[in-house]
Colleague: 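Here it is: the structure, laid out below.
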Amino acid sequence: MNSSTERARQAILDVVAAIPRGKVMTYGAVARQAGWPRHSRLVGRLLSALPAEHDLPWHRVLAAGGRVALPEGSSAREEQLSRLAGEGIEAAGGRVSLREHGWQATVDDLDRWLWKIGDEN
DNA sequence: CAAATGACGGGGT
DNA sequence: AACCCCGCCATTT
């Protein structure tokens with residue numbers, strides 16, 4: 001297995017895991033945040049092949065413009081819409097308002113999460 | 001090794 | 001807004 005790709009995988013999944021409830025990020029934003037610009041396709045590829053046991057908020061990752069990428073009519077899409085609705089994210093017409101729910105992690109946000117700082121603050 | 005394949009993105013029409 | 005087209009990238013044919 002390719003080492004650099006493996007590092008990218010780790011970084012990308014970390015970013016996805018850090019997206020707060022009620023917030024969303026696009027594939028491109030996740031890739032850039034992970035330090036692998038232009039790798040938006042890789043983000044989608046990884047999310048499409050997640051291990052059976054995972055607690056990643058994959059439903060918070062959307063295509064450019066806030067569009068739900070999963071195929072129309074697929075059960076996976078329904079699952080995503082359901083999960084989004086479950087946390088107050090409206091996806092009318094298969095589209096989420098990035099202005100309302102778009103999230104850009106700050107360095108501090110990531111550090112706080114990575115080191116689990118602020119748990120009792 | 002060339003071509004095809006995607007949970008993609010951006011610009012142009 | 002809806003398409004189309006092309007660039008992008010790891011994998012698979």
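Predicted model only: the values in this text are computed from it and were never measured. Just so we're on the same page: letters track the sequence lines, and every chain starts at 1.
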Colleague: Under 4.0 Å between any heavy atoms, over every strand shown, what does Ser48(A) touch: base, sugar-phosphate, or nothing? Just pick one.
Modeller: base

Colleague: Round to the nearest Å and state the distance from Trp58(A) atom CH2 to dA7(B) atom P.
Modeller: 13 Å

Colleague: Rounding to an integer number of Å, can you tell me how far Arg38(A) CZ sits from dG6(B) C1'?
Modeller: 19 Å

Colleague: Rounded to whole angstrom units, what separation is found between the CD1 atom of Ile12(A) and the P atom of dC8(B)?
Modeller: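 For the pair Ile12(A) CD1 and dC8(B) P, the rounded distance is 13 Å.
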
Colleague: At under 4.0 Å, does any side-chain N or O of Arg45(A) touch on OP1 or OP2 of dA10(C)?
Modeller: no

Colleague: Between P on dT5(B) and CG on Leu46(A), what's the gap in Å once rounded to a whole number?
Modeller: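 It works out to 21 Å between those atoms.
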
Colleague: For residues 79-99 of chain A, which residues have at least one heavy atom under 4.0 Å from DNA chain B?
Modeller: none

Colleague: Quick check: is Leu13(A) connected to Val43(A) through a chain of hydrophobic side chains (ILVMFWY, heavy atoms under 4.5 Å apart)?
Modeller: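 In one cluster with Val43(A): Leu13(A), yes.
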
Colleague: Count the heavy atoms belonging to other residues, nucleotides or ligands that lie under 6.0 Å from CD of Glu79(A), then report whether that count exceeds 12.
Modeller: yes

Colleague: Count I, L, V, M, F, W, Y as connected when their side-chain heavy atoms are under 4.5 Å apart, and connections chain through other members. Are Leu98(A) and Leu70(A) then in the same cluster?
Modeller: no

Colleague: From CH2 of Trp36(A) over to P of dC8(B), roughly how many Å is that when rounded to an integer?
Modeller: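 Taking CH2 of Trp36(A) and P of dC8(B), I get 20 Å after rounding.
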
Colleague: Mind listing the closest non-hydrogen atom pair of Ile89(A) and Gly22(A) along with its distance?
Modeller: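 Heavy-atom minimum between the residues: CD1-C, 3.6 Å.
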
Colleague: Tabulate atom names and distances for all N/O pairs under 3.5 angstrom spanning the protein and nucleotides 9-13 of chain B.
Modeller:
| residue | atom | partner | partner atom | Å |
| --- | --- | --- | --- | --- |
| dG9(B) | OP1 | Tyr27(A) | N | 3.4 |
| dG9(B) | OP1 | Gly28(A) | N | 3.0 |
| dG9(B) | OP2 | Ala64(A) | N | 2.7 |

Colleague: Which residues pass the side chain to side chain contact (heavy atoms under 4.5 Å, CB included) test with Arg21(A), not counting sequence neighbours?
Modeller: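 Arg21(A) satisfies side chain to side chain contact (heavy atoms under 4.5 Å, CB included) with Arg60(A), Glu87(A) once adjacent residues are dropped.
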
Colleague: Is Arg77(A) near enough to dA7(B) that one of its side-chain N or O atoms lies under 4.0 angstrom from OP1 or OP2?
Modeller: no

Colleague: Apply side-chain contact (heavy atoms from CB on, under 4.5 Å) to the pair Trp58(A) and Leu50(A), showing each step before the final yes or no.
Modeller: CA-CA 9 Å; Trp58(A) 57 272; Leu50(A) 288 173; 4.1 Å; yes

Colleague: I'd like to know if Leu84(A) and Val61(A) are part of one continuous hydrophobic network [Ile/Leu/Val/Met/Phe/Trp/Tyr, side-chain heavy atoms within less than 4.5 Å].
Modeller: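 Hydrophobic grouping puts Val61(A) apart from Leu84(A).
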
Colleague: Roughly how far, to the nearest 0.5 Å, is CD of Glu72(A) from CD of Glu78(A)?
Modeller: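 That separation rounds to 8.0 Å.
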
Colleague: Return the minimal non-hydrogen interatomic distance between Ala17(A) and Pro57(A), and the atom names on each side.
Modeller: CA-CD, 3.9 Å

